[in-house]
Amino acid sequence: MSGQDLIAQDLIAQEQTAQELIAVEHAAVHFPVRRGLFGHKAHVRAVDDVSLTLRENETVALVGESGSGKTTLGLAILGLHALSAGVIRWRGQPLADIRRQDQKAFRRDVQAVFQDPYASLNPRLQISEALRRPLALHAMVKPSELRAESERLLELVGLAPAHLYLDRYPHEFSGGQRQRIAIARALALSPRLLVADEPVSALDVSIRTQILKLLQTLKRELKLAMLFLSHDLGVVRFIADRVVVMYIGKIVETAPVATLFERPLHPYTRLLLSAAPSARKGAPEHAIEVIGDPPSPTNPPSGCRFRTRCPFAFDRCAVEEPPLYEAGPDHHHACHLVAGRGPIAAPTS
């Protein structure tokens, strides 16, 4: 057996023994809204019957356009949005129970990095105070060690010598430096899971690669799991182990990152690849063009939600919502056509 085969077997064994951190089971998040002159009540189905898992030391990317539901799902996993249906489990225990019993421990284990690093940092606090507060609240170090630990965190994210940064305010830094500080604050509590919501989309192109490489290094050295939310498949290709593609609150495809880029199956995944020049390399034959804009999540189309924009839609797509068909190891898609389900006539009234 070759060395490469042994390495591949070792990686597979590690994945199989890795502990499941997050299990999302048939989760839904619906927001009530009022429509029309007389206040007719409707619901925005931001997340609608979604299931996924995330294991230790794994990076799962949630991908989709604005309105796909990825941020809402990320906030639900952080415990910042209540579910309308379904359950989210953290290490086997329902998140709703954890929030009542041991919220503080959960906050240590699960931290977030948001899209806008300036908005996520208090402009009135010096960086030293922004880093000290979580450390002091959770008693991570002795009071006498707070400054030294703050310096260690800044140097961990590439801001050295740290004493040049601690006594300054967020507005004195560039966007990339602010995001490094936000990452340092998220790491202060030694979390097991980092939820990163579009962490590089607000940064200059020249800085994005630096932050992505930093996240990769931190994940490897600190043995972090990461839920990475993005609309850009070019970024996802660089950092993810597994990709979950969402459209109008539904999962439409999920696969290991290499499989998704080599063999994208759902038309929406192919659309996202077509829209990301940096992601198209190696799969130009999968490029497609679609019609129109995404529909409203308040009134999604019947059947397949992508059918109103899909160039391959046929009768079945309008009358039957596709399940997640299995296409291979850990590869699933929600497309009748790809699954080989032949067209059917729409039901007569």
Side-chain angles (χ1 to χ4, degrees), residues 45-48 50 52 59-74 114-116 175 196-209 211-212 215 226-297 300-301 303-313 317 322 324 327 331-338:
R45 300 179 182 181
V47 176
D48 206 6
V50 166
L52 60 86
T59 298
V60 172
L62 278 180
V63 179
E65 298 168 290
S66 296
S68 64
K70 61 184 186 297
T71 295
T72 302
L73 181 58
F114 296 104
Q115 179 175 351
D116 185 348
D197 186 3
E198 301 274 13
V200 298
S201 63
L203 305 179
D204 293 339
V205 174
S206 60
I207 304 300
R208 292 181 185 180
T209 301
I211 299 299
L212 290 172
L215 288 172
M226 195 182 320
L227 184 67
F228 190 92
L229 283 56
S230 180
H231 65 276
D232 187 344
L233 277 172
V235 169
V236 164
R237 187 173 198 169
F238 187 85
I239 199 166
D241 300 312
R242 189 156 50 93
V243 184
V244 176
V245 182
M246 293 186 67
Y247 182 76
I248 313 296
K250 289 277 189 181
I251 292 177
V252 297
E253 188 163 3
T254 176
V257 66
T259 303
L260 190 89
F261 282 88
E262 292 169 6
R263 188 170 166 251
L265 296 178
H266 197 280
Y268 181 61
T269 307
R270 294 169 61 184
L271 163 65
L272 293 178
L273 284 167
S274 304
S278 59
R280 276 185 279 177
K281 183 179 179 182
E285 70 276 11
H286 299 300
I288 65 168
E289 292 188 12
V290 297
I291 311 160
D293 298 318
S296 169
C304 175
R305 298 188 177 187
F306 188 61
R307 66 175 177 82
T308 56
R309 304 173 70 197
C310 180
F312 311 115
C317 302
L324 279 173
H331 190 181
H332 298 80
H333 66 84
C335 180
H336 293 312
L337 185 63
V338 175

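Scope of the values below: all heavy atoms of this structure, side chains included, with no hydrogens, waters or symmetry mates.
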* Atom pair CG/CG of L73 and D48 - distance to nearest 0.5 Å -> 12.0 Å
* Asked: Looking only at heavy atoms, what is the nearest atom pair of S230 and F228, with distance?
  -> CB-CE2, 3.7 Å
* Structure fact -> Smallest heavy-atom separation, V257 atom then V236 atom, equals CG2-O, 4.2 Å
* To the nearest 0.5 Å, how far apart are CG in L229 and CZ in F114? -> 10.5 Å
* Please report the shortest heavy-atom distance between L265 and A327, naming the atom on each side. => CD1-CB, 3.4 Å
* To do: Tell me, please, which residues at least two apart from V60 pass side-chain contact (heavy atoms from CB on, under 4.5 Å).
  => L54, E58, L227, R242, V244
* R305 side chain to P300 main-chain N or O, any donor-acceptor pair under 3.5 Å? -> no
* Any side-chain heavy atom of R309 within less than 4.5 Å of one from P294? -> yes
* Asked: Can you check whether C317 reaches F312 side chain to side chain, under 4.5 Å on heavy atoms?
  -> no
* Could you tell me how the ring of H266 sits relative to the ring of F306: parallel (under 30°), tilted (30 to 60°) or perpendicular (over 60°)? => tilted
* Asked: Going from OG1 on T71 to CG on D197, what distance comes out if it is rounded to the nearest 0.5 angstrom?
  -> 4.0 Å
* Asked: Taking only residues two or more places apart in sequence or in another chain, which ones pass side-chain hydrogen bond (donor to acceptor under 3.5 Å, both in side chains) with R45?
  -> none
* Which pair of non-hydrogen atoms, one from Q115 and one from S201, has the smallest distance, and what is that distance? -> NE2-OG, 3.1 Å
* Report yes or no: does D204 contribute a side-chain atom to a donor-acceptor pair with the main-chain N or O of S206 at less than 3.5 Å? => no
* Asked: Do L52 and T254 touch side chain to side chain, with heavy atoms closer than 4.5 Å?
  -> no
* **Among E253, H333, E65, K250, the one residue meeting side-chain hydrogen bond (donor to acceptor under 3.5 Å, both in side chains) with Y268** => E65
* Asked: How many angstroms lie between CG in L324 and NE2 in H331, if you round to the nearest 0.5 Å?
  -> 10.5 Å
* To do: Only counting residues at least two apart or in another chain, list the ones meeting side-chain contact (heavy atoms from CB on, under 4.5 Å) with S68.
  => K70, M246
* To do: Could you pull out the closest heavy-atom pair between C335 and P322, with the gap in Å?
  => N-CB, 4.1 Å
* Heavy-atom closest contact (I248 atom, P297 atom, distance) -> CG2-CA, 4.0 Å
* Asked: Side-chain contact, heavy-atom cut-off 4.5 Å: I251 with H332?
  -> no
* To do: Could you tell me the separation between the CG atom of L233 and the CG atom of L271, rounded to the nearest 0.5 Å?
  => 9.5 Å
* Asked: For the atom pair CD (E198) and CG (L62), what is the distance rounded to the nearest 0.5 Å?
  -> 10.5 Å
* May I ask you to test the F238-R208 pair for a side-chain heavy-atom distance under 4.5 Å? => no
